[in-house]
Amino acid sequence: MSAPLLSVRGLTAELGSGAQRVTALRAVDFDVRRGEITAIVGESGSGKSTAAMALARLNEGPQGAFSGEVRFDGMDVLSLNSRALRSLRGQGIAMVFQDAAAALNPCETIGDQIAEAMVVHKARDWRAARAHAIELLGEVGMPEPARRAGLYPHEMSGGQRQRAMIALGLACDPALLIADEPTTALDVTVQGQILALLKSIVARRDMGLILITHDLGVVAALADQVLVMYAGRIVEAAPVAEFFDAPHHPYSGDMITAASVALDAGGRLATIPGRPPHSGDVGESCAYAPRCARASNQCRAALPSLEPHGTRRRACFHPLDDA
Amino acid sequence: MPTTRADQHRFRLPTLTGALRLLPWLVVGLLIFAAIAAPLIAPYDPIKNVGSPMLAPFSPGHPFGTDGFGRDQFSRILHGLGPMMFVSVGAVALAVAVGGAVGLISGVMGGWLDWMIMRAVDILMSFPLILAAILVLVALGASTFNLMLAVAISQIPIFARLTRALAAGEVVRDYVMAARASGFGMLHVMVSEVAPNILRPLLVQATSVVAVAALTAAALSYLGMGARPPEPDLGYMVKEGQELIFIAPEQTILPGLVIAIFVLAISFCGDQLNEREGG
Amino acid sequence: MGGEVFRRLIFLPVTLFFVATLVFLALRALPGSSIELLGSQFTTAGLKEQLIADLGLDKSIWEQYGIFLGELVRFDLGRSFLTGKDVSSMVGETLPVTIELAVASLVVMTIAGIGMGLLAGAFPGTLADGLLRTVSVLLFSLPWFWFGIVLIIVFVLWLGWFPAFGRLPSSVDYEAVTNFVLIDAIILGRFDLVVPWLKHVTLPALTVGLTTSGVLMRLTRVGVIETAKTDYIRTARMKGVPGPRVFFRHILRNVALGILTVIGVQFGAMLGGSVIAEVVFGYPGIGRMTVDAVLNRDYAVAQGGAIVIAAFYVLINLATDLSYRWADPRLRRGGR
């Protein structure tokens, strides 16, 4: 296999200030290849969005510091200067945010927002950039793209806004797209359309896609590999078919069970009993132990490391395949 | 929606820390003490020529010199503190009482009465504040008491609107609903149920408005619509001093500075109360 | 949203009617008429009666009110007791002067308020932020009239940079057309008027503009800080837009709407401020005219001045509201 597009090693993030400073990510390792869809799943607070933003250092500043290594297309992302970082954002890595209504500038037309990325990065003039913006809107399946380019975000439906958001992400031909819960704000039929769109774009443009979600149905339908995050760490990483076939980490198993129970019960929200811990509260023990049926004294005394096991990796002393 | 005048006065000041937080309270306390004790601590009669030369410079006998009529400026400023506080605090108290009552009725009763009251408030608020106060003073005649009334009337619509908003928010709460369901009359609901719950935010806001009232009153005094000379009045003293700025600029600077210090200290006190209220 | 505008427009004449009535009543309630004030000047009783009859003061208050309203709808504001001048033409001369001053004050307020607010908002929590906030609070707490006098002491008496009194030097020969100096300067080609006028307007405009800038400063600062936290600013940064461009193009544009409203509301407040500044600086605007008329018991002038100021204030606030709706795309085309 060719060298991965993105390679993350030991990524650790400290967020917040003063007494509220927490370690939001701990030693996260994973690779993303072109044409491949990687899903990061986990409950809210598990660190999946933090990880996504950290890849473009978007949450960096006085409130956030990173260590470890992020290699993108041969570049060492964490040591880029601000100029190179700006060039990376948009051109190398683009992001589609969860709530497009909030993530699009309310005072600028959709067309201008897409065009601006090209004006900034490729020094195009506005006219050419706007024309290309209309093409992009067409590519993401926006009806009447030329007219819609002149509209403001509030004049569109939720699905159209999310399409515009994706077009914005594609503006400068990035190699990696990160979609952070791209469909949670949408209704079910539109969700399906947006996911299908993302899948076809990745295939057509031979991009990498990182899909952040808590919806296992989306993962099963779309992803090639799955990363399960819990309390700031990856607890299981597996090819998607094997993952659903036989999850190894008890947390993965509980999630899948909860999701299928919810499906049987008419799609109502699935939950695992207990609360996910704050990433910062986790000491040197398995963070899932308090909620885990298989937890032993070993789990409460030591932190299981993420070990390779066949085609997957897992961090558990008592994985589900050990009967 | 455009901000109301009341909103504009809700200032977020730089946060004072540690012992500095006490400073504004100390200043206000000191000024209140000086105002009350003025007859005792003032070295001279504020309205009599003290026999010294006019516009005497600062000296131990006349710490702030003498004014254009040979009156002791220090004594005049001390005696001017009382009227300033009476006017600003009295005006706000009156405005809270009247505006509060009107707003409470409007907010609790709702319906056409609410509509009428709020349109009346709109009309009163369509005057620039200072013009409204001038008209009231024209109708009543200039005096310290009428100055207080004028400033109060110009502030009533602000408090009526604020109280109405607060009251309308309370009326839909469960405890008010329960009181009404158990057959209590509107008056009982207003006085016993709603009023106690909106009093605190109202009073906190009132403290901040004292600063605005003091500034408005001082401006009206300056225009010659406050206390009648020769009564000592800080705003009018600035006016009298202005005519002499070529000779003795300190005579116009000092009384104005005292007003500014009072307003600043009150603003900081109000802000600390606001903070505690979580506003 | 259209309904709200319509309601405000319908409400406008009603408001103006009540404003006029309140002004009329306030002035009729005042003790001691201007005739008494002028008393010493009338040697014969007959002349005095004649004047009272001319002015309509012998009629009942209801008749006076009827006449007053009738004249008002014809834009006839009566004549001055003291000078016999037509009040409408006095308003025509003084209102532009006040508008000029209010606009100049607005410029000062906007530059100072937005400038301080942007600086403080761009670097929140720093020393500069704390300093600017302190300055804005200080400015807010100063009595306007006193601040004006301090400016006179510093810039006129000590430094001698500006004149202290009036709107133009008396040596300048100026035949007004519109009564707006800058407009007349263009119409008449009298560009020599501009510099003397600027010198005269600077201190009054600084007085009003700086003391009112605190509100704008605070709003700009908060607006910048809050906007910087929004999702769409994160999107802009993720697009790779450089920091200064994010600040000016994205943050500022979104803060501008809030700023616009405040500026409009403050423009109304500025009319009140002009009254004070005009008295402090002997500036011949409508505020000073009205205050002088009130002190001299010159009914018609005080009445006309107060009504015009109030009407202007109402119109400004309405215009602000409309412009706000127009400027915000969410409100402008939201109904479509």
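Order of the sequence lines sets the chain letters (A, B, ...), proteins ahead of strands, with each chain counted from 1.
- For the set B:Ala132, B:Ala142, B:Ala218, the count of heavy-atom pairs under 4.5 angstrom toward chain C peaks at B:Ala218.
- Proximity to chain B is limited to the side chain of C:Leu22, based on heavy atoms less than 4.5 angstrom apart.
- If you take OG on C:Ser141 and CD1 on B:Ile261, they are separated by 11.0 Å, rounding to the nearest 0.5 Å.
- Heavy atoms of B:Ala219 lying under 4.5 Å from chain C belong to its backbone as well as its side chain.
- Remark: C:Phe18 CZ to B:Asp122 CG distance equals 12.0 Å, nearest 0.5 Å.
- At a threshold of 4.5 Å between non-hydrogen side-chain atoms, the residues C:Phe140 and B:Leu264 do not count as touching.
- C:Pro143 and B:Gly256 get closest at one heavy-atom pair: CG-O, 4.0 Å.
- Atom CD1 of B:Ile130 is separated from atom CH2 of C:Trp144 by 8.0 Å, given to the nearest 0.5 angstrom.
- When C:Leu16, C:Val222, C:Leu157 are compared by the number of non-hydrogen pairs under 4.5 Å with chain B, C:Leu157 comes out ahead.
- No side-chain donor-acceptor contact under 3.5 Å links B:Gln242 to the backbone of C:Ile149.
- Note on C:Val291, C:Val275, C:Thr290, C:Val280: by heavy-atom pairs under 4.5 Å with chain B, the leading option is C:Val280.
- Nearest heavy-atom pair across B:Leu131 and C:Ala306 is CD2-O, 3.5 Å.
- Looking at C:Ile152, only its side chain comes within 4.5 Å of chain B, counting heavy atoms on both sides.
- One N or O on the side chain of C:Trp146 and one on the backbone of B:Ile253 form a donor-acceptor pair closer than 3.5 Å.
- Using a 4.5 Å cut-off between heavy atoms, B:Ile134 contacts chain C through its side chain alone, with no backbone atom that close.
- For the atom pair CG of B:Leu223 and CZ of C:Arg288, the computed distance is 11.5 Å after rounding to the nearest 0.5 Å.
- With a 4.5 Å cut-off on non-hydrogen atoms, B:Ile266 does not touch chain C at all.
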> Given B:Arg119 and C:Val14, is the side chain to side chain contact (heavy atoms under 4.5 Å, CB included) satisfied, shown in steps?
Replying inline: CA-CA 10 Å; B:Arg119 293 297 79 74; C:Val14 182; over 6 Å; no
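- Interface summary for chain B: among C:Leu142, C:Ile153, C:Val314, the most heavy-atom pairs under 4.5 angstrom belong to C:Ile153.
- Contact of B:Phe246 with chain C is made through backbone and side chain together, with heavy-atom distances under 4.5 Å.
- Results of the side-chain contact (heavy atoms from CB on, under 4.5 Å) test with B:Val138 over C:Leu295, C:Val23, C:Val294 single out C:Val294 as the only residue that passes.
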